[in-house]
2 protein chains.
Amino acid sequence: MEKSSPSSKRFLDIVHDLRTIIKEEGAVIGDKLPSERVLAERLQVGRSTVREALRSLELLGLIETRRGEGTFLADYKKHQLVEILSAFIMQHPQSLQHVDATRRIHETAAIESIAADAELRGLPVWQGFLRKMELGEPVIREDVLKELLVAAGNRLSLKIWFLLKQYSRVPTQYEITAGEQGYVTRMLDGLMDGSSVTAIGHYDDWLDLVNAERRGEHEC
Amino acid sequence: MEKSSPSSKRFLDIVHDLRTIIKEEGAVIGDKLPSERVLAERLQVGRSTVREALRSLELLGLIETRRGEGTFLADYKKHQLVEILSAFIMQHPQSLQHVDATRRIHETAAIESIAADAELRGLPVWQGFLRKMELGEPVIREDVLKELLVAAGNRLSLKIWFLLKQYSRVPTQYEITAGEQGYVTRMLDGLMDGSSVTAIGHYDDWLDLVNAERRGEHEC
DNA sequence: ACAGGGAAGTGGTCTGACCACTTAAGCAGA
DNA sequence: TCTGCTTAAGTGGTCAGACCACTTCCCTGT
């Protein structure tokens, strides 16, 4: 039971060893790392094992490899990028509430951004949603929100939103109910009028209503 | 220029192919994936290449491998998490501007959140900043912003902010200059008064000034 | 002095061979 | 028949060696 080699995954040890080597040598971003063959000999493992570790680090953006030249230390920041979020989400149960809150932050910012821009608030898509609802055609909550994020034009914000959406407990994948239509309509009207305060106010009311629906159905 | 094989990294293609296979087979979390040898034959590559891709996915938490048993699909959400952000940032040069914009979204949301909460806006830290500036002591821009995010209480937003801050070109790691003090002071005053509009207005002015400083120094 | 070519070094890939481990089928004994 | 053990097959883990493609740089011949 008491294995002397706790990590059954050698390549994970290599990843760790590589980080140690990087630190010991005081390698800076852009510096060249020892070649795969040298690393294999120094760490007393096969070259393929070293490569598995290096490929992992490469996918994380920690290192950069150039055929014929060597392996180089890449922008270290990319690592945190991965680690921070993946370590955070799905960890603390309380964090789900932060996920929802952060998601609303991005949605609100998108509304604000659109309302402030005459060109964006004149987009035909808003009228399209209004007409659809008037005709009684089904409109998915998420579609409206997504169009807001898309129209706002901040692609990073959009990607973060997509990410958060997956973890969110807010049931935005369903249709807009009759009871919500008033809020959504007034939100879009405010948006097209350039009144961000009005739009955001109704957006808040709408989301609160959707959240109330969720809590009402939480037993099934 | 227009190489027909843009990816000089075969193992990255494998990573993509693996995702395709996973989707095609409709594999669910916990399902067993084909063995490395089978994958190698199906994808027409060597087993070591398959392994490099699998090791990367494992480090990302996408898959889980058990010696003697096989490879299993782990929590799928973790993947996107990684991919989205790491693929995005530092890719398109235009994205830096989105990084700054997104950062401001989170800072603004924090201000709004604090101003709306009597307890938060009464925190002694705001008075502390004001006094420091009055006494002529140096105050780092980032410290003020960080306290805003911390006080707002959304830990996810805070982590995202930390992340974005590293990529941001806005020089917030420096001291608040004499010219900025007026904006910061009025921002904090507005914050403590619960007037989010006032606070955000001065925050915007402040950041615009900081950005102007950056642009002014862009040649050196 | 210059330009060309080749050697050395590097990452990229494949092959085949073991090892350690898990599982399950099959066999022997009760 | 049922139980228990042995054994074989399958899997991931690792290694060694061999090529290939590419980059760099030095050396040679003109």
Side-chain angles (χ1 to χ4, degrees), chain A residues 1-19 21-22 25 27 29-75 78, chain B residues 1-19 21-22 25 27 29-74:
Chain A
M1 294 300 178
E2 62 283 27
K3 307 279 289 293
S4 62
S5 64
S7 342
S8 61
K9 322 275 186 181
R10 183 96 90 228
F11 96 95
L12 283 180
D13 297 336
I14 304 298
V15 169
H16 182 264
D17 291 341
L18 285 176
R19 294 188 60 182
I21 287 180
I22 290 173
E25 305 204 339
I29 292 175
D31 280 7
K32 191 169 177 297
L33 297 179
S35 75
E36 297 178 350
R37 291 165 177 86
V38 171
L39 286 174
E41 192 180 5
R42 191 194 297 193
L43 298 176
Q44 287 293 291
V45 295
R47 188 183 158 210
S48 47
T49 304
V50 169
R51 279 186 60 81
E52 289 182 7
L54 287 176
R55 266 352 95 216
S56 300
L57 295 180
E58 182 176 5
L59 193 60
L60 287 183
L62 247 183
I63 61 173
E64 179 188 0
T65 57
R66 294 197 283 271
R67 165 184 289 191
E69 296 182 59
T71 306
F72 303 84
L73 194 57
D75 194 334
K78 283 192 179 178
Chain B
M1 294 300 181
E2 63 282 27
K3 306 279 291 292
S4 63
S5 64
S7 357
S8 63
K9 322 275 186 180
R10 183 96 90 228
F11 96 96
L12 283 180
D13 297 336
I14 304 298
V15 169
H16 182 265
D17 291 342
L18 285 176
R19 291 190 57 190
I21 287 181
I22 290 172
E25 306 205 336
I29 293 174
D31 280 7
K32 191 169 176 297
L33 297 179
S35 75
E36 297 177 349
R37 290 165 178 87
V38 171
L39 285 174
E41 192 179 6
R42 191 194 298 193
L43 299 176
Q44 288 292 292
V45 296
R47 190 184 157 210
S48 49
T49 304
V50 170
R51 279 186 59 81
E52 289 183 7
L54 287 176
R55 263 356 91 215
S56 300
L57 296 180
E58 182 175 6
L59 192 61
L60 291 184
L62 223 195
I63 60 173
E64 179 188 359
T65 57
R66 294 197 282 271
R67 164 184 288 190
E69 296 182 59
T71 306
F72 302 85
L73 193 58

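Quick note: numbers below take in every heavy atom, side chains included, and nothing from hydrogens, waters or symmetry partners. Chain letters run A, B, ... following the sequence lines, proteins first and then strands; every chain starts at 1.
Annotation: of the two residues near DNA chain C, S48(A) and L54(A), the 5′-most nearest-nucleotide partner is L54(A).
Listed candidates were dT23(C), dG12(D), dT13(C). Nearest to the side chain of E69(B) is dT23(C). The side chain of K32(B) sits closest to dT11(D) out of dG13(D), dG11(C), dT11(D).
The residue G46(A) sits close only to the backbone: its heavy atoms come under 4.0 Å of sugar-phosphate atoms, none of a base.
Of all non-hydrogen atoms in E36(B) and L54(B), the two that sit nearest each other are CG-CD1, 3.6 Å. Looking at every heavy atom in both residues, R47(B) comes nearest to R37(B) through NH1-NH2, 3.4 Å. When all heavy atoms of L33(B) and L73(B) are compared, the pair lying nearest together is CG-N, 4.5 Å. Minimum heavy-atom separation, P34(B) to R42(B): CG-NH2, 3.9 Å.
Protein atom CD of E41(B) is 15 Å distant from nucleotide atom C1' of dG10(D), rounded to whole Å. One interatomic measurement links the two molecules: CZ of R37(A) to P of dG9(C), which rounds to 10 Å at whole-angstrom precision. One can place CD of E36(A) at 15 Å from P of dA16(D), the figure rounded to the nearest angstrom. Atom CG of L33(B) and atom P of dG12(D) are 9 Å apart (whole Å). Atom CD of E52(A) and atom P of dC15(D) are 9 Å apart (whole Å). Going from atom CZ of R67(A) over to atom C1' of dC22(D) covers 6 Å, rounded to whole Å. Taking atom CG of L39(B) as the reference point, atom C1' of dG10(D) lies 14 Å away to the nearest angstrom. Distance CZ (R51(B)) to C1' (dA17(C)): 14 Å, rounded to an integer number of Å.
The phosphate of dG10(D) (OP1 or OP2) has no side-chain N or O of S35(B) nearer than 4.0 angstrom. For dT11(D), the OP1/OP2 oxygens have no side-chain nitrogen or oxygen of T71(B) closer than 4.0 Å. Residue T49(B) places at least one side-chain N or O under 4.0 Å from the OP1 or OP2 atom of dC14(C). Between R66(A) and the phosphate of dC22(D), there is no side-chain N or O to OP1/OP2 separation shorter than 4.0 Å. Of the side-chain N and O atoms in R55(B), one or more sit less than 4.0 angstrom from OP1 or OP2 of dG13(D).
A donor-acceptor contact under 3.5 Å is formed by the side chain of R47(B) with the base of dG13(D).
Salt-bridge check for E52(A) with R55(A): failed, with every basic side-chain N at 4.0 Å or more from each acidic carboxylate O.
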